[in-house]
Amino acid sequence: MTMQRREFLKAIGATGFAATFAGCAVSERKSGPKVVVVGGGYGGATVAKYLNLWSNRTLDITLIESDRVFVSCPMSNLVLGGSKQLSDLTVTYEGLTKQGIKVLFDMAQAVDPIRGTVRISNQRDIPYDRLVLSPGVDFLYDQVQGMGSAQAQAKVLHAWKAGPQTLALRQQLEAMRDGGVFAISIPKAPYRCPPGPYERACQVAWYFKRAKPRSKVLILDGNEDVISKKGLFMKAWNEDFKGIVEYRPNYVLTGVDVATLTAKFETADDVKADVLNVIPPQRAGAIAAQAGVITANNRWCEVDFLSFESIKVPKIHVLGDAIQIAPLMPKSGHMANQHAKVAAAAILNAFAGQPPNPSPVINNTCYSFITDKDVVHVDSVHQYDKEKKTFATVPGSGGLSPAPSAVEGEYAFAWARNIWSDMLA
Ligand SMILES: Cc1cc2nc3c(=O)[nH]c(=O)nc-3n(C[C@H](O)[C@H](O)[C@H](O)COP(=O)(O)OP(=O)(O)OC[C@H]3O[C@@H](n4cnc5c(N)ncnc54)[C@H](O)[C@@H]3O)c2cc1C
């Protein structure tokens, strides 16, 4: 062992077992500190991978994920547009298991923060020294009258978690008559992926323009205005998709008559659609509620932004869409990946008895597909603000595309390939 490596392992409190387990067999590594990660999406897969990498494989890491494969939400609107298949966005967890991370395909049902365990099926408890929750979002169907039943949810789709619903929504679009109306309801912010619904409107319009040119896309936005890349989206709707897309602000959804596909609103008139896509209001995934880490508006988890540790329950870290975001921080996959790296470093420091990095800097780039190739982006840099104890955007750091372009389309596909391998390879 080189001096450098010995010092590093000492710093993370790992010398004892690392020296003993120089052979690096998976079973031998198990006596290191135990980290359990719940959720193998953008936040969870990244934190598992980087804890393993930066600890030189000395931690005992278990990733609990309910789905057998990872299906990316970024790029999933292209499946609705028809230019990509779901298989193009699907990655297995083999890359992580090959690195010695235990991946358990199971549903985490309960957390006992006193005993330090996570309960999975068959009453099995998985012990942890540190727990990371990155469960994404759950939907608040109780805020949309008529949408409470499984039958209603199977007919009026969200397709806001990529997978079977994405395919089902594509099938509804394919089955729709030419001259029909696709209506998309957007909840009030904050919700997962601010530009995502506007990108979806473009993708459906792009499909209609070629396959069903008499059809319409109605955007029924619960917000007062377009909340992301406004100028770029408006230009696309008014020019590329003129006569197809109509944008309506202040459409706060209150209920749905599922039988007639009619959406009802706080103040506006009812809207009847041929295909109705309701993105419901959201909150942190259920396991976060069960673990007692939801602390903001009964919806989101507040964290210490230096470590992403819950402000309420020690030794539980929360990442990604589930957190109460800092100002101007989007709920995005890119951001979840960045949260994960700050948290991984802080957890390793904590095992070594060290404080976290006092000044983390993270960034976000978000691409939106206007057509199958032409893309726009927005990006931002976020720096920890010691006074306010939150992340603040670095003045002058953000950027926005001047116009959609195919070059940006290439960058967007490269972004996706890069981040999937950063998490899972
Ligand atoms: C249509 C669309 C387009 C998007 N486009 C972009 C984009 O271009 N760029 C971008 O950066 N972001 C984009 N996003 C947002 C991005 O998908 C999310 O911000 C990101 O997935 C958040 O990561 P996460 O780890 O918080 O949650 P997720 O990635 O959703 O991961 C959560 C995981 O936890 C698992 N899970 C939950 N509870 C449990 C449990 N109890 N036990 C076991 N497993 C559990 C789930 O199965 C899931 O795999 C888009 C989203 C949508 C819907």
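First listed ligand is number 1; within each ligand, the first listed atom is number 1. Heavy-atom basis, side chains included; hydrogens, waters and symmetry copies ignored.
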Heavy atoms only, cut-off 4.0 Å: how does Val38 contact ligand 1, side chain, backbone, both, or neither? side chain
Main-chain N/O of His377 paired to Ser401 side chain as donor or acceptor, under 3.5 Å: yes
Test side chain to side chain donor-acceptor pair (under 3.5 Å), reference Asn277, set Gln165, His158, Arg200, output is Arg200
Are Phe369 and Phe413, when compared by the centres of their aromatic rings, separated by less than 6.0 Å? yes
What residue and heavy atom of the protein are closest to atom 44 (N) of ligand 1, and at what distance? Ser66 N, 3.2 Å
Near Asn77 (heavy-atom distance under 4.0 Å), the atoms of ligand 1 are 1 (C)
May I ask whether Trp415 places a heavy atom under 4.0 Å from ligand 1? yes
min-distance protein heavy atom vs atom 17 (O) of ligand 1 -> Cys73 CB, 3.1 Å
Among all protein heavy atoms in this structure, tell me which lies nearest to atom 12 (N) of ligand 1, with the distance rounded to 0.1 Å. Gly333 N, 2.9 Å
Between Phe241 and Phe233, is the ring centre distance below 6.0 Å? no
Filtering Ala416, Ala45, Ala284, Gly41 for the heavy atom nearest atom 31 (O) of ligand 1 leaves Gly41
For ligand 1, which is the ligand I care about here, please tell me if Arg192 has any N or O atom under 3.5 Å from one of the ligand's N or O atoms. yes
If only atom types and distance count, is the side chain of Thr262 paired as donor or acceptor with the main-chain N or O of Val271 below 3.5 Å? no
Taking only non-hydrogen atoms of Ser332, do any sit less than 4.0 angstrom from ligand 1? yes
Should Ser76 be listed as contacting ligand 1, given a heavy-atom distance under 4.0 Å as the test? yes
Residue Ala336 vicinity, atoms of ligand 1 by number, heavy atom under 4.0 Å: 23 (O)
Do the non-hydrogen side-chain atoms of Ile126 and Leu104 ever get within less than 4.5 Å of each other? yes
Please confirm whether Val137 comes under 4.0 Å of ligand 1, counting heavy atoms of the residue only. no
For atom 49 (O) of ligand 1, what's the nearest protein heavy atom and its distance? Glu65 OE1, 2.7 Å
Can you tell me the protein heavy atom closest to atom 4 (C) of ligand 1 and the distance? Cys193 SG, 3.4 Å
Ring of Trp54, cation from Lys341 - is the NZ or CZ under 6.0 Å from the centre and inside 45° of the axis? no
Could you tell me how the ring of Phe391 sits relative to the ring of Tyr384: parallel (under 30°), tilted (30 to 60°) or perpendicular (over 60°)? perpendicular
Using the side chain to side chain contact (heavy atoms under 4.5 Å, CB included) rule, take Leu89 and Phe70 through it: C-alpha gap first, then chi angles, then the decisive distance, then the call. CA-CA 8 Å; Leu89 328 174; Phe70 166 79; over 6 Å; no
